[in-house]
Structure formats: structure tokens, C-alpha cells
2 protein chains.
Amino acid sequence: MEKDDLAGMMRALGHPVRLEILAILAKSANNCCCNDVTDCLSLAQSTVSQHLKVLLDAGVIEREAKGTRNNYRVRTDRLTAFNSAFSGYVHDLDAQTSSCDRTLEAAG
Amino acid sequence: MEKDDLAGMMRALGHPVRLEILAILAKSANNCCCNDVTDCLSLAQSTVSQHLKVLLDAGVIEREAKGTRNNYRVRTDRLTAFNSAFSGYVHDLDAQTSSCDRTLEAAG
DNA sequence: ATCTTTTATCGTTATATAACGATGAAAGAG
DNA sequence: CTCTTTCATCGTTATATAACGATAAAAGAT
């Protein structure tokens with residue numbers, strides 16, 4: 001996963017309401033439309049729709065048309081991939097930091 | 001880790017330049033000041049300082065005054081904690097989603 | 001054919017963010 | 001004491017984001 005993708009995903013997830021929306025979707029049997037989500041939040045439908053779009057564009061959720069409704073569901077695969085990517089990123093930072101520490105120790 | 005903290009951390013990390021800054025700090029033996037970082041980026045010093053402040057406020061890095069310089073270093077512990085927290089969050093989402101799927105299957 | 005439900009999109013407003021240059025303060029060097 | 005280096009902060013500007021209400025389109029129901 002590219003650094004820009006990582007940052008983009010972070011930004012999409014970097015809003016409490018959007019994290020809340022993910023929790024709502026997961027709790028709602030993947031059978032959840034925009035109105036359902038809106039009922040769980042004290043926000044206008046258009047605002048919720050906007051947040052859903054951000055999550056959708058980032059690939060965190062997916063949409064399926066079903067009659068007049070749009071069913072949203074969490075893309076767990078993508079979240080897991082993101083988590084792994086970030087985990088690797090942190091690990092790399094840690095490895096570099098530690099080796100620097102060892103260098104300093106050896107030098108000092 | 002609270003949901004708001006999680007989102008706050010995400011937002012702090014949700015910018016490519018800030019991820020780059022973390023990489024620079026890690027590579028630079030934790031002996032890196034604002035100017036050093038600025039030299040690695042095509043951005044003004046004030047801009048870099050601003051990004052450093054965002055990372056500092058989110059607790060992703062720490063600062064240590066050293067003469068006229070300020071040494072910055074990555075707080076790997078915090079990144080690791082964040083990573084665990086998010087991992088748990090994703091895991092919870094996944095568990096709920098899967099149990100919902102089973103419910104739907106059982107319902108036929 | 002009409003009405004209702006659902007929802008994405010548009011237009012607007014307020015606030016936040018990202019970028020810059022300029023500046024002043026703090027610490028060390030000459 | 002004066003000069004330099006380092007850097008956070010201020011003021012500014014442009015853009016992005018978050019929130020809202022209004023609206024139109026699509027699909028189903030009557």
C-alpha cells in the first residue's frame with residue numbers, strides 16, 4: 001500500500017462520525033441504508049450521505065442498490081489490509097529507530 | 001483508546017507529508033531538528049514546523065530542547081498503541097459483521 | 001398515473017487546514 | 001555585546017471540510 005493511499009485512508013477514517021458510521025453498519029447486519037444510519041445520528045441526511053461518500057471513495061465501505069434503498073456494508077478486507085499496511089509502516093519506523101539507538105550506543 | 005482519540009490520531013496521520021516526516025525522523029537517528037526535516041522536503045520551515053506541531057499535539061512525536069535546536073523523535077510506543085487499538089476496532093467490526101452474516105444465513 | 005420513500009447532489013455558510021513570508025525570542029559563538 | 005542559528009508563532013491567503021436545507025431522480029406502492 002502506497003504512502004499516499006495510507007494517508008488517504010487515514011484521512012477518511014479521521015472523523016469520529018465516520019468511525020461511528022462504520023460501527024452502525026457493522027451492527028446493522030450489513031442491511032443498512034442511509035436513512036437507517038441517519039436515524040442513529042443527530043445529523044441531517046445530506047450530511048450522512050456525504051460521510052458515506054467519503055468512506056465509499058476511500059474504499060472503506062461498499063454500496064449495493066436494492067429497490068429505492070442503497071445498502072451499505074463495511075469492507076472488512078480493506079480495513080484489514082490497511083491495518084496490516086500501517087502495522088508494517090510502524091514496524092519499519094521502529095526498526096530504523098532502534099538501529100539508530102544501537103548506533104548511538106555504540107558511538108557513545 | 002477512545003473513539004475520538006482514535007479519530008484524532010488518524011487525522012494527524014492523514015497527510016502524506018506528515019507520514020514522510022515520521023520516516024525522516026526515524027531515519028535520522030532521532031537527532032533531527034526542524035531545519036533538518038525542512039532540508040528533506042520542498043516546503044517552508046514554518047510549514048514543517050506546523051506539521052511537527054500537529055504530530056506533537058497528537059502525541060505521535062516528542063520534542064527535546066537541545067541548545068538552539070529542538071530534537072524530535074518518533075514515539076513508537078504511541079504508534080504501536082494506536083495500531084493495537086485500531087486493530088481491535090477492526091476486529092470488533094469484523095466480529096459483528098460475521099455474526100450478522102451467520103444470522104442472515106440461519107434466517108435463510 | 002400519482003404518491004411515497006430513499007438518497008445523491010447542489011448551493012450555501014462557517015470553520016479548519018495547508019501553505020507562505022515575516023518576525024521575535026532564545027541559545028550559543030565570536 | 002553582537003551575530004548567527006534555530007524555530008515557534010503570527011498574519012494572510014487559498015482551498016478543503018463539515019454542516020445544513022432544498023431539490024430532483026429513481027424505484028416501488030396505491
Side-chain angles (χ1 to χ4, degrees), chain A residues 3-25 28-74, chain B residues 3-25 28-74:
Chain A
K3 190 173 293 186
D4 281 9
D5 295 336
L6 209 55
M9 203 100 166
M10 290 272 191
R11 204 177 34 192
L13 296 170
H15 194 291
V17 166
R18 288 199 282 269
L19 290 183
E20 182 65 29
I21 287 176
L22 290 185
I24 292 170
L25 293 181
S28 304
N30 276 333
N31 192 29
C32 207
C33 69
C34 179
N35 258 6
D36 296 337
V37 177
T38 303
D39 288 344
C40 299
L41 299 169
S42 47
L43 287 171
Q45 176 267 325
S46 55
T47 303
V48 173
S49 183
Q50 225 170 354
H51 282 302
L52 286 170
K53 183 173 166 47
V54 172
L55 292 170
L56 192 64
D57 289 347
V60 182
I61 62 176
E62 60 192 346
R63 179 163 65 185
E64 188 189 5
K66 197 129 193 179
T68 59
R69 299 160 52 93
N70 271 340
N71 275 349
Y72 287 96
R73 76 174 70 169
V74 178
Chain B
K3 189 173 292 186
D4 280 9
D5 295 337
L6 209 57
M9 202 98 167
M10 290 274 190
R11 203 177 38 190
L13 295 170
H15 194 292
V17 166
R18 289 199 282 268
L19 291 183
E20 182 65 29
I21 287 176
L22 291 185
I24 292 170
L25 293 182
S28 303
N30 276 334
N31 191 31
C32 207
C33 69
C34 180
N35 258 7
D36 295 337
V37 177
T38 303
D39 287 344
C40 299
L41 299 169
S42 47
L43 288 171
Q45 176 267 325
S46 55
T47 304
V48 173
S49 183
Q50 224 171 356
H51 281 303
L52 286 170
K53 182 173 166 50
V54 172
L55 292 170
L56 192 63
D57 289 347
V60 182
I61 62 177
E62 60 191 347
R63 179 163 65 184
E64 187 190 4
K66 197 131 194 180
T68 59
R69 299 160 51 93
N70 270 340
N71 274 350
Y72 287 95
R73 76 174 67 171
V74 178

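Quick note on labels: first sequence line is chain A, next is B, and so on, each numbered from 1.
Ranked by how close their nearest DNA chain D nucleotide is to the 5' end, A:A44 and B:N70 are led by B:N70. Of the two residues near DNA chain D, A:G67 and A:R11, the one whose nearest nucleotide lies more 5' is A:R11.
The nearest pair of heavy atoms linking B:L56 to B:E62 is CD1-CA, 3.8 Å. Of all heavy-atom pairs spanning B:A58 and B:M9, the tightest one is O-SD, 3.7 Å. For the residue pair B:A12 and B:L55, the shortest heavy atom distance occurs at O-CD2, 4.0 Å.
A:D39 meets the side chain to side chain contact (heavy atoms under 4.5 Å, CB included) test with no other residue; sequence neighbours excluded. Under the side chain to side chain donor-acceptor pair (under 3.5 Å) criterion, A:D57 pairs with A:K53, not counting sequence neighbours. Considering only residues two or more places apart in sequence or on other chains, B:D36 meets the side chain to side chain donor-acceptor pair (under 3.5 Å) condition with B:R69.
Between the CG atom of B:L55 and the P atom of D:dC7 there is a distance of 15 Å, given to the nearest Å. In this structure, B:I61 places its CD1 atom 13 Å from C1' of D:dC7, rounding to the nearest Å. Residue B:L52 contributes atom CG, which lies 13 Å from atom P of C:dA19 at whole-angstrom precision. Going from atom CG of A:D57 over to atom C1' of D:dA16 covers 15 Å, rounded to whole Å. In this structure, A:R69 atom CZ and C:dA8 atom P are separated by 12 Å, rounded to whole Å. Rounded to whole angstrom, the span from the CE atom of A:M10 across to the C1' atom of D:dT17 amounts to 19 Å. The CZ-C1' distance, from A:R63 to D:dA26, rounds to 13 Å in whole Å. In this structure, NZ of A:K53 is placed 13 Å from C1' of C:dT7, rounded to the nearest angstrom.
Residue B:H15 places its side chain closer to C:dA18 than to any other of D:dT9, D:dT17, C:dA18. When distances run from any side-chain atom of B:Q45 to the nucleotides D:dC7, C:dA8, C:dA18, the shortest one goes to D:dC7. Closest to the side chain of A:Q50, out of D:dC20, C:dA8, C:dT9, is D:dC20.
With axes fitted over five pairs at each extremity, the angle between the ends of the helix from C:dA1-D:dT30 to C:dG30-D:dC1 is 10° (10° resolution).
Taking side-chain N and O atoms only, B:H51 has no distance below 4.0 Å to OP1 or OP2 of C:dT17. Distances shorter than 4.0 Å separate none of the side-chain N or O atoms of B:Y72 from OP1 or OP2 on D:dT6. Within the 4.0 Å cut-off from OP1 or OP2 of D:dA26, not a single side-chain nitrogen or oxygen of A:T68 is found.
A:L43 comes within contact range of the sugar-phosphate backbone alone, with a heavy-atom separation under 4.0 Å but no base atom that close.
With B:C32 as the partner, the side chain to side chain contact (heavy atoms under 4.5 Å, CB included) test is satisfied by one option alone out of B:I24, B:V74, B:N71: B:I24.
Residues A:Y72 and A:V37 have side chains not in contact (no heavy-atom distance under 4.5 Å, counting atoms from C-beta outward).
Using a 4.0 Å cut-off on heavy atoms, the residues of residues 33-41 of chain A that approach DNA chain C are A:C33, A:C34, A:N35, listed by number.
For the atom pair A:I21 CD1 and A:S28 OG, the distance stands at 11.5 Å (nearest 0.5 Å).
Within the structure, the side-chain hydrogen bond (donor to acceptor under 3.5 Å, both in side chains) test picks out the following pairs touching residues 3-21 of chain B (sequence neighbours left out): A:K3-B:E20, A:E20-B:K3, B:R18-B:H51.
A donor-acceptor contact under 3.5 Å links the side chain of B:S46 to the base of C:dG21.
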